[in-house]
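Order of appearance sets the numbers: ligands from 1, and atoms from 1 within every ligand. The shown structure was predicted, so the numbers you read here are calculated from the model rather than taken from an experiment.
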Amino acid sequence: MNVLGIETSCDETAVAVVADGRRVLSNVVASQMAEHARYGGVVPEIASRRHVEQINVVLERALAEADLGFGDVDAVAVTNRPGLLGALLVGVTAAKALALALDVPLVGIHHIEAHLYANFLTHPEAAFPAAALVVSGGHTDLFHLKDHGDYVLLGRTRDDAAGEAFDKCARLMGLSYPGGPAIEEAARTGDPKAVALPRAWLEGTPFDFSFSGLKTAVRRRVQNENSPTVPDLAAAFQEAVVDVLVGKTLQAAKAVGAPRVFLAGGVAANGRLRERMQAACDQAGLPLFFPPPALCTDNGAMIAATGYFHLQAGRVDDLSLDTLPSEPLAARAPADAASFS
Ligand code: KG4
Ligand code: ZN
């Protein structure tokens with residue numbers, strides 16, 4: 001079954017074709033990053049306009065690269081939540097037009113669920129249940145994934161998302177947007193121990209995150225007369241974020257008794273996070289799954305893969321499919337840790 005996946009929730013116009021939920025036949029991503037870079041972040045109006053200009057071009061390229069025609073598309077999956085409203089509307093409108101014209105099923109996809117499902121694209125042995133960390137530009141969420149569609153939110157960020165912290169701190173350090181890859185690159189020649197930075201462990205809510213104190217500490221260091229070198233500060237910042245992400249994920253996996261760990265989202269492309277999470281999971285005897293870097297950041301393949309699993313479960317949407325700018329993937333677990341099961 002060939003599912004066409006469309007993703008336009010933020011600043012990537014992305015379309016892919018995935019066969020049977022696992023085999024990527026094409027995965028085309030038109031990034032607007034260069035255009036938003038001068039503003040230091042995504043400008044919603046510009047994003048919507050570029051999606052309108054790009055969507056048909058990207059769609060045609062995705063079919064051409066898969067060596068398929070419109071008649072070979074068996075279903076259309078599209079991100080309809082959460083994201084920038086104007087940006088989401090472009091993808092959802094295109095998806096509806098396609099589903100109607102081709103007379104194939106349409107299925108709306110939650111962007112965060114799709115980040116998690118990117119793991120099924122490259123790891124046939126990936127399965128539920130799992131503890132999962134989603135770290136992107138808009139989210140830092142820890143989940144207990146019990147089964148397809150059965151998720152519990154264990155914790156989330158109270159302020160900035162991890163990717164947002166990378167982007168904002170990169171800006172403070174005079175590095176380019178997006179900040180994640182820029183900080184990772186700068187950190188390669190830095191000494192993480194050269195600068196002491198805080199870690200918010202948030203006792204009492206052990207699965208929540210906070211990065212605003214770290215951001216303030218970075219700002220102070222930059223403004224300080226004896227400010228550290230950018231590589232040292234980048235390395236220390238990256239290590240502080242990774243320490244907390246790895247520590248809390250392992251703690252969560254243990255609390256819910258998860259037999260494996262998923263890592264997903266744009267920040268999961270970070271080499272240091274992957275390396276440290278792998279070492280921690282190896283030590284705990286837990287298999288760890290993370291997508292290759294190109295499937296960590298926003299793409300259409302993860303949307304198509306998620307769509308396939310929904311269609312297999314009999315879920316289909318109609319042309320009244322709505323766009324929802326802020327919609328949680330799962331309800332929070334009750335505070336009582338004993339109910340983690
Ligand atoms: O998932 P994503 O592509 O878009 C959202 O759904 O938000 O994530 C984008 C975020 C940006 O904040 C970017 O700085 C971060 O992922 N990112 C990274 C790396 N590559 C992308 N953060 C750390 N290290 C990286 N190598
Ligand atoms: Zn994303």
Salt-bridge test for [X] and [Y]: reply yes if a basic N is under 4.0 Å from a carboxylate O, no otherwise.
X    : Y    : value
K193 : E239 : no
D160 : K215 : yes
E164 : K168 : yes
E53  : R49  : no
D208 : R332 : yes

Is the closest heavy-atom distance from [X] to ligand 1 below 4.0 Å?
X    : result
C10  : no
Q238 : no
R272 : no

Distance to 0.1 Å, residue and atom name: give those for the protein heavy atom nearest to [atom].
atom                    : answer
atom 11 (C) of ligand 1 : D167 OD2, 3.6 Å
atom 24 (N) of ligand 1 : N270 ND2, 3.0 Å
atom 6 (O) of ligand 1  : H111 NE2, 3.1 Å

Relative to the heavy atoms of [X], which atoms of ligand 1 are at a distance of less than 4.0 Å?
X    : result
D298 : 1 (O), 2 (P), 3 (O), 4 (O), 5 (C), 6 (O)
G138 : 7 (O)
H115 : 1 (O), 6 (O)
G163 : 12 (O)

query = Could an N or O of ligand 1 be found under 3.5 Å from any N or O of T297, whether backbone or side chain?
reply =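 No: no nitrogen or oxygen of T297 is under 3.5 Å from one in ligand 1.
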
Note to self: Test your reading of the structure: does E184 have an N or O sitting under 3.5 Å from an N or O of ligand 1?
What the structure shows: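 Among all N and O atoms of E184, at least one is under 3.5 Å from an N or O of ligand 1.
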
Between [X] and [Y]: side-chain donor-acceptor atoms closer than 3.5 Å:
X    : Y    : answer
Q278 : D282 : yes
E7   : S9   : yes
E12  : S31  : yes
Y117 : H310 : no

Among G266, C296, A14, which one has a heavy atom closest to atom 20 (N) of ligand 1?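 Residue with the shortest heavy-atom distance to the ligand atom: G266.
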
Inset, instruction - Would you indicate which of A162, G137, A165, G180 comes nearest to atom 10 (C) of ligand 1 when only heavy atoms are counted? - result: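 Among A162, G137, A165, G180, the closest heavy atom to atom 10 (C) of ligand 1 belongs to G137.
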
#### Entry: Of all N/O/S atoms in D298, the name of the one nearest the Zn ion (ligand 2)
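Going by distance to the Zn ion (ligand 2), the closest N, O or S atom in D298 is OD1.
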
Exercise for the section: Mark yes or no: K146 above the aromatic ring of F128, with NZ or CZ under 6.0 Å from the six-membered ring centre and no more than 45 degrees from the axis. Expected result: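 Judged by the rule (NZ or CZ under 6.0 Å from the ring centre, within 45° of its axis), K146 is not positioned above F128.
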
inquiry  = I need the NE2(H115)-the Zn ion (ligand 2)-NE2(H111) angle, rounded to 10 degrees.
reply    =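 Taking the Zn ion (ligand 2) as the apex, I get 90° for this pair.
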
